[in-house]
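Position 1 is the first residue of the sequence; numbering continues from there.
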Amino acid sequence: MPVPTGFSPRARVWIIVLALLLLGGGATAYTLRAASGHRAADRAADPGFTLDGAGPGALYVRDTATGRVARVDPSAPGGRVAGGPACDRFHAAGNTALCLQRRPGVPARSYAIVLDRRLREVRRIGLPGIPSRARVSASGNVLAWTMFATGDSYARSSFSTRTSVLDLRTGYLVKNIEQIPLTLGGRRHHAPDVNYWGVGFAADDNRFYATVSTGGRTHLVEGDLANWSARALRENVECPSLSPDGTRIAFKKRVSEGPREPWRLYVLDLATGREHPVAERHGIDDQALWTDARTLAYGRGGDVWSVPADGSGSPRALARGASSPTLAAR
């Protein structure tokens with residue numbers, strides 16, 4: 001550390017001591033702030049706040065103001081009760097909930113926290129990266145999550161993801177599914193740029209749908225966990241969400257190469273291969289949720305919205321200042 005000239009040796013010593021004390025105080029303050037932030041980020045659910053609090057079918061979201069999971073309740077102040085755990089991404093089904101939680105500090109690290117229906121912690125897994133997508137199979141037995149390893153937006157040309165799958169029946173964790181044998185265009189595909197994200201499960205806990213990106217293009221893939229294989233079905237499909245009856249997929253379709261609203265929300269009929277846009281005209285960067293066989297919920301512009309899946313009707317706001325919608329469905 002350079003010391004200004006023109007001072008006596010004794011004065012220069014005191015300047016150095018003072019500078020070290022100031023630096024030490026700053027480091028201490030930073031450490032205290034970081035510790036405080038960690039405590040806030042690690043907040044568990046309040047006693048009595050569960051997935052059974054309002055019965056099956058209740059809508060839960062991430063409350064932007066608090067960072068905590070909230071139950072949508074029009075009769076409550078602000079239209080919701082925010083007493084859940086602190087999560088950046090949240091999803092629940094069956095008897096299981098999945099909370100992705102960003103940890104403070106650099107480089108970016110996170111936790112995948114497995115919770116029961118009372119939102120009590122069952123398992124915690126440390127992860128590199130930034131939370132992006134979270135899904136629990138309908139039975140609650142199989143979980144998947146996607147983390148940004150580099151970059152923090154699918155709209156950027158350079159990003160890398162890491163998608164994991166956890167089977168709660170066996171406890172087996174696949175840390176990164178990018179090594180799953182992939183068939184593309186009828187041939188086994190090998191490439192260093194393969195990225196997976198946005199997994200969604202079928203009712204059998206074995207078949208899954210996801211996005212794979214390679215060669216500058218995105219594809220809808222159908223995967224088979226038991227046979228450890230995946231095959232590409234269709235181009236330009238991102239963040240697939242399978243309908244409750246297993247016949248349709250809601251997805252993000254890229255409609256523009258520009259950075260402003262590049263995706264629209266579409267629905268694909270798996271039997272016919274036909275697709276159509278929903279009535280939402282704004283750009284969507286989310287993995288939509290089927291709230292029932294006819295309706296989709298999704299995050300847009302900092303709020304949670306709903307729209308009919310058949311292309312009719314118009315969007316309807318479900319929760320302002322919210323994201324990551326999920327149902328308290330068994």
Side-chain angles (χ1 to χ4, degrees), residues 45 49 51 53-93 97-100 131-136 153-155 198 200 238-244 248-256 259-268 275-329:
F49 188 95
L51 293 179
L59 182 67
Y60 288 72
V61 298
R62 179 187 184 270
D63 181 69
T64 303
T66 62
R68 303 181 71 181
V69 173
R71 184 177 64 251
V72 175
D73 182 354
S75 66
R80 75 196 67 167
V81 179
C87 304
D88 293 280
R89 287 283 180 179
F90 181 76
H91 192 251
L98 174 60
C99 171
L100 300 185
S132 173
R133 301 286 184 249
R135 273 296 184 269
V136 180
S153 172
Y154 295 107
E238 298 185 49
C239 298
S241 181
L242 188 65
S243 63
R248 292 157 293 158
I249 283 179
F251 67 97
K252 287 166 37 183
K253 179 176 181 177
R254 183 175 286 275
V255 296
S256 169
R260 179 176 167 79
E261 298 193 340
W263 300 286
R264 285 278 306 279
L265 186 58
Y266 273 66
V267 172
L268 167 68
E275 62 180 44
H276 64 263
V278 301
E280 174 61 81
R281 307 301 181 193
H282 293 87
I284 300 297
D285 183 11
D286 198 13
Q287 187 170 13
L289 172 79
W290 291 82
T291 56
D292 56 40
R294 301 176 300 276
T295 314
L296 299 169
Y298 52 92
R300 193 260 290 173
D303 306 315
V304 171
W305 294 77
S306 175
V307 73
D310 63 2
S312 66
S314 59
R316 178 173 66 94
L318 295 179
R320 300 290 187 180
S323 61
S324 208
T326 194
L327 295 177

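- Looking at heavy atoms from C-beta onward, V69 lies out of side-chain contact with V61 at the 4.5 angstrom threshold.
- Looking at W290 and L296, their side chains come closer than 4.5 Å, going by heavy atoms from C-beta outward.
- Using modelled atom types, no side-chain atom of S306 and backbone atom of L318 make a donor-acceptor pair closer than 3.5 Å.
- T291 contributes no side-chain N or O that, together with a main-chain N or O of A297, makes up a donor-acceptor pair within less than 3.5 Å.
- Between D285 and R133, at least one side-chain N (NZ, or NE/NH1/NH2) sits under 4.0 Å from a carboxylate O, which counts as a salt bridge.
- Side chain of H91 to backbone of V136: a donor-acceptor contact under 3.5 angstrom is found.
- Of all the heavy atoms in G57 and L327, the pair that sits closest is O-CD2, 3.7 Å.
- Residues passing the salt bridge (Lys or Arg N to Asp or Glu O under 4.0 Å) test with E275, sequence neighbours excluded: R234, K253.
- For D286, the side chain to side chain donor-acceptor pair (under 3.5 Å) partners at least two apart in sequence or on another chain are R89.
- Taking R248 as the reference, D245 meet the salt bridge (Lys or Arg N to Asp or Glu O under 4.0 Å) condition, with sequence neighbours excluded.
- Legend: residues meeting salt bridge (Lys or Arg N to Asp or Glu O under 4.0 Å) with D73, ordered by chain and number and at least two apart, are absent.
- Among all heavy-atom pairs drawn from P131 and L100, the shortest one is CB-CB, 3.7 Å.
- Residue pairs satisfying the salt bridge (Lys or Arg N to Asp or Glu O under 4.0 Å) criterion with at least one member in residues 77-87, sequence neighbours excluded, are listed as follows: D63-R80.
- Heavy-atom minimum distance, I249 versus P240: CG2-CB, 3.6 Å.
- For residues 306-320, the pairs satisfying salt bridge (Lys or Arg N to Asp or Glu O under 4.0 Å) are D303-R320, with sequence neighbours left out.
- Across W263 and K252, no two heavy atoms sit closer than the pair CD2-CE, 3.5 Å.
- Ring orientation note: the planes of F49 and Y60 are nearly perpendicular, at an angle over 60° on the 30°/60° scale.
- Under the side chain to side chain donor-acceptor pair (under 3.5 Å) criterion, H282 pairs with E280, not counting sequence neighbours.
- In this structure S323 satisfies the side-chain contact (heavy atoms from CB on, under 4.5 Å) test together with R62, sequence neighbours excluded.
- Residues satisfying the salt bridge (Lys or Arg N to Asp or Glu O under 4.0 Å) test with R264, not counting sequence neighbours, are none.
- Y298 contributes atom OH, which lies 13.5 Å from atom OG of S241 (distance to the nearest 0.5 angstrom).
- Heavy atoms only, all atoms of each residue included: S312 and A279 are closest at O-CB, 3.6 Å.
- Atom-to-atom distance recorded for R281:CZ and R300:CZ is 12.0 Å, nearest 0.5 angstrom.
- Nearest heavy-atom pair across V81 and A76 is CG2-CB, 3.8 Å.
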